[in-house]
Amino acid sequence: MKTSQIIWDFPTRAFHWLLVLTVAGGLITGFLAPDSWLMIHVWFGTAVLALITFRLIWGLVGSYHSRFSSFIYSRRETRDHILGLLKRKPSKHLGHNPLGALMIFILIGTLLVITLSGFVVLGGEEKQGPLAGVVPYFIGKGVEDIHETLAGFLLFLIGGHLFGVVVESLLSKENLAKSMVTGRKAIPDIDSDNTDTVKGGVHRGVSVAGVVGLVVVLALFLIGIPTISGAVTESVIPTDVSNTQYSTECGDCHHAFHPSLLPKESWFKMMNELDNHFGEDASLDGKVVQSLEAFLINNSSEIWDTRAANLFRNVNPKKPLQITATKRWKHIHEDVPDTAFQHKLVGTKTNCAGCHSGTQVGMFADYTVQMPKGF
Amino acid sequence: MKKILLLTLMFTGMAFSNVYAQSPQSVVLTFYENLQREQAVDFKGFSSERGQNLFVSAFSDGKPDIPSCTTCHTPSPTGTGKTRAGKIIEPMALSINNARYTDTVKTEKWFRRNCKSVMGRECTPREKGDFLTFMMGQ
């Protein structure tokens with residue numbers, strides 16, 4: 001007579017389905033959603049990292065079939081399983097079979113690298129997140145490729161995982177997806193060629209401890225990481241120019257472009273040509289020029305590591321141009337129609353704050369861009 | 001009785017002149033008046049009419065695309081103008097913008113730049129005084 005037994009304890013099942021939801025959220029917001037969803041994407045990534053962290057701990061202290069030690073197979077066992085599979089008579093396992101186990105380890109490893117690399121990108125490029133203070137821009141930029149490539153690879157793994165579940169379900173005539181909901185799997189007849197020792201069920205206390213652990217880890221990550229991020233971010237975000245001498249002297253005529261948008265040589269040259277400032281007389285008292293120049297040079301694109309500073313560090317300093325006339329600027333804004341700049345809430349191309357927020361601190365994050373209505 | 005009336009008048013007069021003397025705009029205006037007195041012996045006061053004329057006139061010696069103050073400031077002293085770079089210029093008329101003409105250094109800075117741009121030369125203290133007198137009455 002066939003009976004069934006709890007194989008997957010409740011914390012493992014909760015982990016599995018929460019992972020499905022958060023990975024789906026991360027993939028959808030990563031591949032399909034507009035830039036403005038970045039922080040939601042990061043939230044999903046944080047949750048995935050928390051879940052994976054929990055699973056790594058649970059893999060050591062959870063119930064028998066959740067422990068890694070119960071599904072680490074030798075090469076020989078794996079080979080035998082594959083050979084059996086080809087004969088449509090795979091070796092039977094109550095927990096993960098050798099191929100399933102392999103997939104679990106690859107999935108966990110891939111998700112770990114994806115989420116961690118995500119924080120590297122976030123810290124380097126956006127100067128946000130817990131790594132904002134330690135990752136230089138160019139590293140974040142480089143790691144972005146790894147993050148995206150692995151996300152594509154993840155889609156492939158998910159496909160493989162689902163395919164494996166379907167194949168195994170058909171061959172074993174047992175709905176494995178349902179088992180991941182109920183936790184139960186049929187115990188084979190004693191005289192079948194079952195190689196697995198049936199281990200005792202899951203203690204209630206173990207499940208409760210696991211759920212508490214899962215909730216604690218999730219809360220720690222989802223509250224802790226944004227808190228650390230906030231503290232770290234403050235130290236790497238450039239000087240706020242609002243209510244400074246710079247913003248009144250220069251901001252009277254035009255948007256007070258953050259000093260991190262040009263190299264110091266450009267500023268130096270510009271400040272020495274104020275009586276013909278792009279065709280305009282912008283002459284200032286010598287003392288004012290001196291103190292503005294010091295401010296600009298202390299906050300130039302060489303000083304800061306934001307995306308904007310990195311992108312505008314290499315403009316030709318011998319021929320300072322209006323920032324909006326640089327190749328770089330034009331390239332970044334090539335998809336923006338002229339009518340968007342003419343919108344009454346923007347007015348001109350030089351009004352950065354018309355669409356960007358954080359311009360006063362030299363931050364031009366894509367995810368904060370707010371185009372005027374209709375664009 | 002006459003004495004009291006006289007004293008009262010004197011005090012109110014002093015009080016008024018005191019208020020007037022303390023207004024930051026009058027400090028700026030006095031700055032130009034003193035400059036003008038140094039240059040011309042026969043200073044007969046600034047003229048709002050001449051100031052208005054200066055504001056609306058077109059000049060040919062400055063930058064061709066900005067022949068007049070009104071090019072950027074709009075023909076009305078109460079109008080909100082726009083800089084070439086697209087920033088809003090608050091109205092010039094003191095009645096709606098009392099932050100104007102409170103700082104001699106700032107006022108000088110803008111006269112220097114804008115007179116050069118529009119007229120191709122710096123303005124004289126009399127022109128500046130006339131202009132301010134006109135705008136302060138608006």
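Both backbone and side-chain heavy atoms feed into the values below; hydrogens, waters and symmetry mates do not. Order of the sequence lines fixes the chain letters, A, B, ..., with proteins taken first and strands second; residue numbering starts at 1 for each chain.
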* Asked: Under the salt bridge (charged side-chain N to carboxylate O under 4.0 Å, His left out) criterion, do B:Glu90 and B:Arg100 qualify, and how do the steps go?
  -> CA-CA 9 Å; B:Glu90 299 295 342; B:Arg100 285 270 183 205; over 6 Å; no

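- If you measure heavy-atom distances from B:Ile89 to chain A, you find no contacts under 4.5 Å at all.
- Interface check for chain B: of the options A:Leu284, A:Asp275, A:Asp285, the most heavy-atom pairs under 4.5 Å are formed by A:Leu284.
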* Given A:Glu334 and A:His331, is the side-chain contact (heavy atoms from CB on, under 4.5 Å) satisfied, shown in steps? -> CA-CA 5 Å; A:Glu334 65 186 357; A:His331 178 69; 3.8 Å; yes

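- Seen from the ring of B:Tyr32, B:Lys128 does not count as a face-on cation partner, given the 6.0 Å and 45° thresholds.
- In this structure, A:Phe341 has its ring center at least 6.0 angstrom away from the ring center of A:His343.
- Both the backbone and the side chain of A:Ser283 come within contact range of chain B, each with at least one heavy atom under 4.5 Å from a heavy atom of that chain.
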